[in-house]
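First up is the structure itself, then whatever we jot down about it.
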Amino acid sequence: MSTAYAASARAGRTTSNKSLREDTVTQTEPRLRVEHLAKSYGRGDQEKQIIGDLTFSVDKGEVACIVGPSGVGKTTLLKCLAGLHPSTGGAMYIDGKPLDGPPAEMALVFQDYSRSLMPWLTVEKNVRLPLRHMRLPKAEAAERIEDALAAVGLSHAAKQYPWQLSGGMQQRVAIARALAYRPEVLVMDEPFASVDAQTRFELEDLCLSIRDKLDMTIVVVTHDIDEAVYLSDRIVAIGGKPAGVLEVIDVDLPGERDQITTRALPEFAELRSRTLSLIRKAQQ
Ligand SMILES: Nc1ncnc2c1ncn2[C@@H]1O[C@H](COP(=O)(O)OP(=O)(O)OP(=O)(O)O)[C@@H](O)[C@H]1O
């Protein structure tokens, strides 16, 4: 791992994420802040307001999951964050700096890894793609690629092609490509929806290990409420037409997260019920 990554690494979370964060991070400004965000599509008679008023924040080193009924505007929110669509109201900030246009500090991972990877390029060259326009010195680009592949456990597959890999491994390549960019904020839209249940668990744990090792802020849209509870430091439940924040739920589960023991905790079941009830109510 390079010094740039190692410097921000925090090995071994033994207490809850929140208490460790409180011990180690002193900050005044959240990493990501969304204030009264509004978004409409179309104009005039055709204008449709999708997002009415969204306000939430995510701190450095936190995972936040966005959940809500289908069609409520979750992907629209991510597209506004990523600067792919202009918002029509409100403001977004990274470290207090207003976002306008695609932020250099953010990288995106989408669900459909099979369409996002170039089949004619090796894993290593796929990961190199977003670096091309950065015109980095050769050695730095090589180091970033090596670090990103190591972070997702794919150093051994650098010379393979995407079609030689399983679906889960391909999604790891897509994540490595985002990491090579060295973003402050990693934004993922239903990133694990296309893989089998066991691989999904592995990728969820990979997501948490990236957060821990790289102190990264991660925003994930998911339909899977259990996944949201498992991954999150906070869940942002959105609903309504136009969409607003139903509730921001702090997830302070005890101990290091583990697919078997964490999911069996009574606190986990409570958080799942609370989140599910919110979404059910919003659907009525
Ligand atoms: N480019 C666009 N132009 C016009 N309307 C759009 C556009 N993109 C999305 N919409 C509309 O915005 C609404 C919200 O869509 P969005 O994909 O953001 O919802 P979502 O919560 O991510 O849905 P799902 O959970 O089903 O993926 C939908 O009614 C959709 O038809």
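Just the heavy atoms: all of them, side chains too, but no hydrogens, waters or symmetry mates, feed the values below. First listed ligand is number 1; within each ligand, the first listed atom is number 1.
- Residues Thr217 and Glu184 fail the side-chain proximity criterion, which asks for heavy atoms closer than 4.5 Å.
- For the 3.5 Å distance criterion, the side chains of Tyr41 and Thr76 qualify, holding a donor opposite an acceptor.
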Every pair of nitrogen or oxygen atoms between ligand 1 and the protein that is under 3.5 angstrom apart - can you list them with their distances to 0.1 Å?
unit_1	atom_1	unit_2	atom_2	d
ligand 1	8 (N)	Tyr41	OH	3.4
ligand 1	18 (O)	Thr76	N	2.9
ligand 1	18 (O)	Thr76	OG1	2.6
ligand 1	19 (O)	Gly73	N	3.2
ligand 1	21 (O)	Gly71	N	3.4
ligand 1	21 (O)	Val72	N	3.1
ligand 1	21 (O)	Gly73	N	2.9
ligand 1	21 (O)	Lys74	N	2.9
ligand 1	21 (O)	Lys74	NZ	2.9
ligand 1	22 (O)	Thr75	N	2.9
ligand 1	22 (O)	Thr75	OG1	3.0
ligand 1	23 (O)	Gly71	N	2.9
ligand 1	25 (O)	Lys74	NZ	2.7
ligand 1	25 (O)	His223	NE2	2.7
ligand 1	26 (O)	Ser70	OG	2.6
ligand 1	26 (O)	Gly71	N	3.4

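- For the residue pair Ser209 and Asp212, no side-chain donor N or O sits within less than 3.5 Å of a side-chain acceptor on the partner.
- Using a 4.5 Å cut-off between side-chain heavy atoms of Ile, Leu, Val, Met, Phe, Trp and Tyr, Trp163 falls into a hydrophobic cluster with Tyr161.
- No cation-pi contact links Arg234 to Phe56, judged by a cut-off of 6.0 Å to the six-membered ring centre and 45° from its axis.
- Remark: Arg33 qualifies as a cation-pi partner of Tyr93 under the 6.0 Å distance and 45° angle criteria applied to the six-membered ring.
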